[in-house]
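Right, one structure below, let's go through it.
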Number of protein chains: 2
Amino acid sequence: MKIDHTSDKDLSAQIATAIRDAIISGQLPVDKRLPSEAELADQFEVSRPTVREALKRLAAQSLIRTQRGATGGAFVNRLTFEDAYGQQITTSTLLLSMNAVSFETACEARYALERACAVLSAGRREADHLATMRAEIHRQAQPGLSDEAFCASDVAFHRALVDGARNPVLSYQLAGAVEAMQPLMNMITFSARSREEIIALHTRIADAIETQKPDLADAALRELQDYTIALANAVIAERAAQQT
Amino acid sequence: MKIDHTSDKDLSAQIATAIRDAIISGQLPVDKRLPSEAELADQFEVSRPTVREALKRLAAQSLIRTQRGATGGAFVNRLTFEDAYGQQITTSTLLLSMNAVSFETACEARYALERACAVLSAGRREADHLATMRAEIHRQAQPGLSDEAFCASDVAFHRALVDGARNPVLSYQLAGAVEAMQPLMNMITFSARSREEIIALHTRIADAIETQKPDLADAALRELQDYTIALANAVIAERAAQQT
DNA sequence: AGGTTTTTAAATGTCTTACAATTAAAAAGG
DNA sequence: CCTTTTTAATTGTAAGACATTTAAAAACCT
């Protein structure tokens, strides 16, 4: 394996791409040990620091893991959902914070995904997820609950709803959207009135899933989406006013 | 800014995390130039290669870009949707290829997302996306079309359907699911019979969006999902038989 | 004075060499 | 045969040098 030393791209980027392609194509199976840094340097005809930069790029994407010591080295990493979560969350958070996406667009995407999950959840009707949802609703109704705790419980409720779909791909995609919205959600002060409203909608959603009526869940989630956007817009407006 | 030299984690990983956090929190705004590698090495009390490894980690996540020359350096990168696409695709492809996810699960997630988009598309009913869908349907019906071309047109059709939702977050999430499934889809040989079936479903979807009937689009997409899984399962079974 | 060319300096990209730290296997010793 | 010590392989880190690129500054020539 060699590398184009005259290309305008970094050698480390080229090497990273070459190895990444080998992993994606399956030439390098999971848990396979890569050649040592010194060997890679020989093969690609570059120095060890350059190889290391390439390996760090791959490590940043959780494509490899490294181990020190005699039997150490770089190994092809089996990508876990946890890894995928993490990357999805960083990416989504940045997309939102760098103003590439409006809060409303993110919210629309999130609730579109949630409605899709709710339909599947209703079809599967997992007892444990339903129990979690009920428990979180109960917690949300307790007086004296701080806004942070209410928010955390809200996340737990939605997480149970989504996980009830039993589709890890949907779960991990949603994780990004939910996490990215969290900073703004945490700024909301939930009045007694708005909590009531939210709890009522949560109850409707749980009921709909328990009685396996996806269209009712769909409708309740739509209302919740509108309500969330309204609350968030109020915070955004307030923040804008303060900055003036 | 300093770093814990006694931690069990790599210094480059710690530095990357520190800078990443600064970017995510907004301390380092978009297009802000980071200190030069030499300055960072001083600040973190490490060597320049270590700093460089950290920067390469960030570059791999499209968080920074680097430029050579007198006014060069590392700059905080504005994350584009294209960047996000790329990462989403790598992650999804690997999740699928490393058998963390079954084809059926990926397909379910994909079509759940597509149905969510179709509902939005029907509501917005963009003329240009509808025209693209019709054009692709027409192309798919042409005799003598190769399987690859049929497949490519299929992707274009779905892309138009999704983009019609006018929600870039949903578009980029779906990109991963669609791309990840592509290798397997490309192995399918589409018989005249199955093409007919698919084209009929595509037509129903386009009609449903044109007449703004989201439930009809939903139903057609469900059938398409089942049909896709059936076709893919046939390929998988065939492949398994050949390997025996 | 104004435009063109040359020089310069700053920055990243790469290489070389060296040493520290870690770890498992091999060797030594009881 | 078990325990301890040594050894070798490998990654992690450091320091210094040079190459390359780039834009700005300086010099130069109309």
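Predicted model, so just to flag it, every value in this text is computed and none were measured. Numbers restart at 1 for each chain; the letters A, B, ... are given by sequence-line order, proteins then strands.
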To the nearest angstrom, how far is [X] atom [atom1] from [N] atom [atom2]?
X       : N      : atom1 : atom2 : result
B:Glu45 : D:dA15 : CD    : C1'   : 16 Å
A:Phe75 : D:dT10 : CZ    : P     : 10 Å
B:Asp42 : C:dA10 : CG    : C1'   : 15 Å
B:His5  : D:dT13 : NE2   : P     : 9 Å
A:Glu37 : C:dC15 : CD    : C1'   : 15 Å
B:Leu40 : C:dG13 : CG    : P     : 13 Å
B:Leu55 : C:dT14 : CG    : P     : 14 Å
A:Ile64 : D:dT11 : CD1   : P     : 10 Å

query = So do B:Pro29 and B:Val76 actually touch side chain to side chain, heavy atoms under 4.5 Å?
reply = no
query = Just wondering, do A:Leu174 and A:Cys117 contact through their side chains at under 4.5 Å, heavy atoms?
reply =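 A:Cys117 vs A:Leu174: side chains touch.
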By nearest atom, which of the nucleotides [options] is closest to the [X] side chain?
X       : options                : answer
A:Ala70 : C:dA9, D:dT10, D:dA9   : D:dA9
A:Ser47 : C:dT14, D:dA14, C:dA24 : C:dT14
B:Arg33 : C:dA11, D:dT13, C:dT14 : C:dA11

request  = Would you indicate what A:Arg65 reaches in the nucleic acid, counting non-hydrogen atoms under 4.0 angstrom: base, sugar-phosphate, or nothing?
outcome  =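 Since no nucleic acid heavy atom lies under 4.0 Å of A:Arg65, the category is nothing.
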message = Students often get this wrong, so: under 4.0 angstrom with heavy atoms, is B:Lys56 touching a base, only sugar-phosphate, or nothing?
response =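 Result for B:Lys56 = sugar-phosphate.
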request  = Would you state whether a donor and an acceptor, one from the side chain of B:Arg48 and one from the base of C:dT12, lie under 3.5 Å apart?
outcome  = no
query = When only distance counts, do a donor and an acceptor, one from the side chain of B:Arg68 and one from the base of D:dT20, lie under 3.5 Å apart?
reply = yes
inquiry  = Measuring from atom CE of A:Met98 to atom CG of B:Asp31, what distance do you get when rounded to the nearest 0.5 angstrom?
reply    =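 Going from the CE atom of A:Met98 to the CG atom of B:Asp31 covers 9.0 Å.
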Tell me whether the side-chain N/O atoms of [X] come closer than 4.0 Å to OP1 or OP2 in [N].
X       : N      : result
A:Thr50 : C:dC15 : yes
A:Thr66 : D:dG12 : yes
A:Thr71 : C:dA24 : no

query = What's the shortest heavy-atom distance between B:Leu184 and B:Phe103, and which atoms?
reply =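 Heavy atoms only, the tightest pair is CD2-CD1, 3.3 Å.
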task = Can you spot which of A:Glu53, A:Glu39, A:Glu37 makes a salt bridge (charged side-chain N to carboxylate O under 4.0 Å, His left out) with A:Arg48?
result =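 In the set A:Glu53, A:Glu39, A:Glu37, the residue that makes a salt bridge (charged side-chain N to carboxylate O under 4.0 Å, His left out) with A:Arg48 is A:Glu37.
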ask   = Starting at the 5' end of DNA chain C, which residue's closest nucleotide do you reach first, B:Gly73 or A:Gly69?
value =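 It is B:Gly73, whose closest nucleotide lies nearer the 5' terminus.
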